[in-house]
Amino acid sequence: PPRSTRKESSAASDVYKRQPLDLAIEGNGFFQVTNPNGGASYTRSGSFSLNGSGQVVDSSGNALIPQINVPAENNGISIGANGQISTQTAGGLEVAGQIQLANFNNPAGLSAAGGNLLNESAASGAPVVGNPNQGPFGSVLSGFLEGSNVDIAEEMVDQIVAKATFEANVNVIKANDEMIGSLLDIKS
């Protein structure tokens with residue numbers, strides 16, 4: 001009889017361990033990060049970590065705004081739904097900083113800047129900044145990452161339909177060219 005793969009599957013599930021700086025926003029809002037140009041950009045990608053100096057940065061090394069530095073000598077990081085980052089140190093629980101979220105009158109108007117970053121535009125309006133879990137801002141979930149809003153199966157079907165439509169249009173144009181060629185041959 002085949003061996004049970006239960007142990008193997010549990011080992012596979014341990015490959016990704018939840019990190020306290022993996023953050024998801026439940027509700028409205030965007031994380032604010034510095035962009036390579038020195039300005040502010042916005043993202044819902046909450047895969048944060050600490051750089052060499054203890055600063056909270058995204059996966060591209062862009063620092064979170066407002067800047068939050070976590071002491072190197074800590075025994076753990078915890079993040080509340082209100083965005084408060086605390087660390088456990090030898091002296092007890094210390095607040096390291098407060099995450100703030102940005103919201104826009106028209107979030108769909110943000111312009112894509114690449115690398116999961118969005119920039120303010122005239123269509124989006126100016127950002128309104130506040131603490132998570134207050135007013136129109138969503139709460140922060142620690143240990144979670146927001147999933148993609150793309151259904152890969154649906155997108156593949158759309159690609160196949162678009163390709164078939166394109167090929168059909170090309171065939172119509174070819175047939176039209178052949179008919180015009182035949183008409184011109186008849187006239188001459």
Side-chain angles (χ1 to χ4, degrees), residues 2-19 21-49 56-65 101-129 132 136-188:
R3 291 179 33 196
S4 170
T5 59
R6 187 166 207 219
K7 188 172 186 177
E8 293 171 3
S9 65
S10 70
S13 66
D14 290 339
V15 170
Y16 178 75
K17 297 191 188 272
R18 291 185 177 181
Q19 303 295 325
L21 289 174
D22 285 342
L23 305 175
I25 300 171
E26 185 174 37
N28 296 327
F30 295 87
F31 295 110
Q32 306 171 90
V33 295
T34 57
N35 60 34
N37 300 330
S41 288
Y42 307 92
T43 185
R44 287 195 56 106
S45 175
S47 180
F48 293 102
S49 61
V56 178
V57 296
D58 69 5
S59 58
S60 299
N62 303 316
L64 190 64
I65 299 173
L101 299 179
N103 207 357
F104 296 87
N105 287 334
N106 179 22
L110 291 166
S111 63
N116 288 331
L117 297 180
L118 302 166
N119 287 335
E120 174 185 346
S121 71
S124 69
V128 177
V129 178
F137 301 102
S139 58
V140 173
L141 301 174
S142 177
F144 294 91
L145 291 174
E146 187 168 335
S148 174
N149 62 354
V150 176
D151 180 2
I152 192 71
E154 183 179 332
E155 293 301 320
M156 290 299 291
V157 168
D158 289 348
Q159 285 281 338
I160 292 168
V161 169
K163 181 181 178 198
T165 303
F166 177 77
E167 288 174 352
N169 286 334
V170 166
N171 289 336
V172 167
I173 292 170
K174 282 181 183 178
N176 186 36
D177 286 348
E178 289 173 7
M179 288 183 353
I180 289 174
S182 296
L183 285 173
L184 291 175
D185 288 343
I186 292 173
K187 278 189 152 185
S188 40

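Predicted model only: the values in this text are computed from it and were never measured.
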Candidate list Leu23, Ile25, Val140, test side-chain contact (heavy atoms from CB on, under 4.5 Å), partner Pro132, passing option: Val140

Atom of Val129, atom of Phe137 and distance for their closest heavy-atom approach: C-CZ, 3.6 Å

Expected output: side-chain Ser59 to main-chain Ser47 donor-acceptor under 3.5 Å: no

CG on Leu145 to CD on Gln19, rounded to 0.5 Å: 9.5 Å

For the student: nearest non-hydrogen atoms of Phe104 and Gly125, plus distance: CD2-O, 3.4 Å

Reported CG-to-CG distance for the pair Asn116 and Asp58, which is rounded to 0.5 angstrom: 8.5 Å

Exercise: identify the closest heavy-atom pair between Pro127 and Ala102: CB-CB, 4.2 Å

Side-chain (Asn35) to main-chain (Asn37) donor-acceptor, under 3.5 angstrom: yes

Donor-acceptor pair, side chain of Asn119 and main chain of Ala113, under 3.5 angstrom: no

Closest heavy-atom pair and its distance - Ser124, Gly109: CB-C, 3.7 Å

Distance-minimising heavy-atom pair for Leu101 and Asn28: CD1-O, 4.1 Å

From CD (Glu178) to CD1 (Ile180), nearest 0.5 Å: 11.0 Å

Any donor-acceptor pair under 3.5 Å from Arg44 side chain to Gly29 backbone: yes

Greater than 12 external heavy atoms within 6.0 Å of Glu155's CD: yes

Over all atoms of both residues, closest heavy-atom pair of Ile65 and Ala40: CD1-CB, 3.9 Å

Stepwise side-chain hydrogen bond (donor to acceptor under 3.5 Å, both in side chains) test for Thr34 and Asn62: CA-CA 5 Å; Thr34 57; Asn62 303 316; 4.9 Å; no

4.5 Å side-chain heavy-atom contact, Leu110 and Phe30: yes

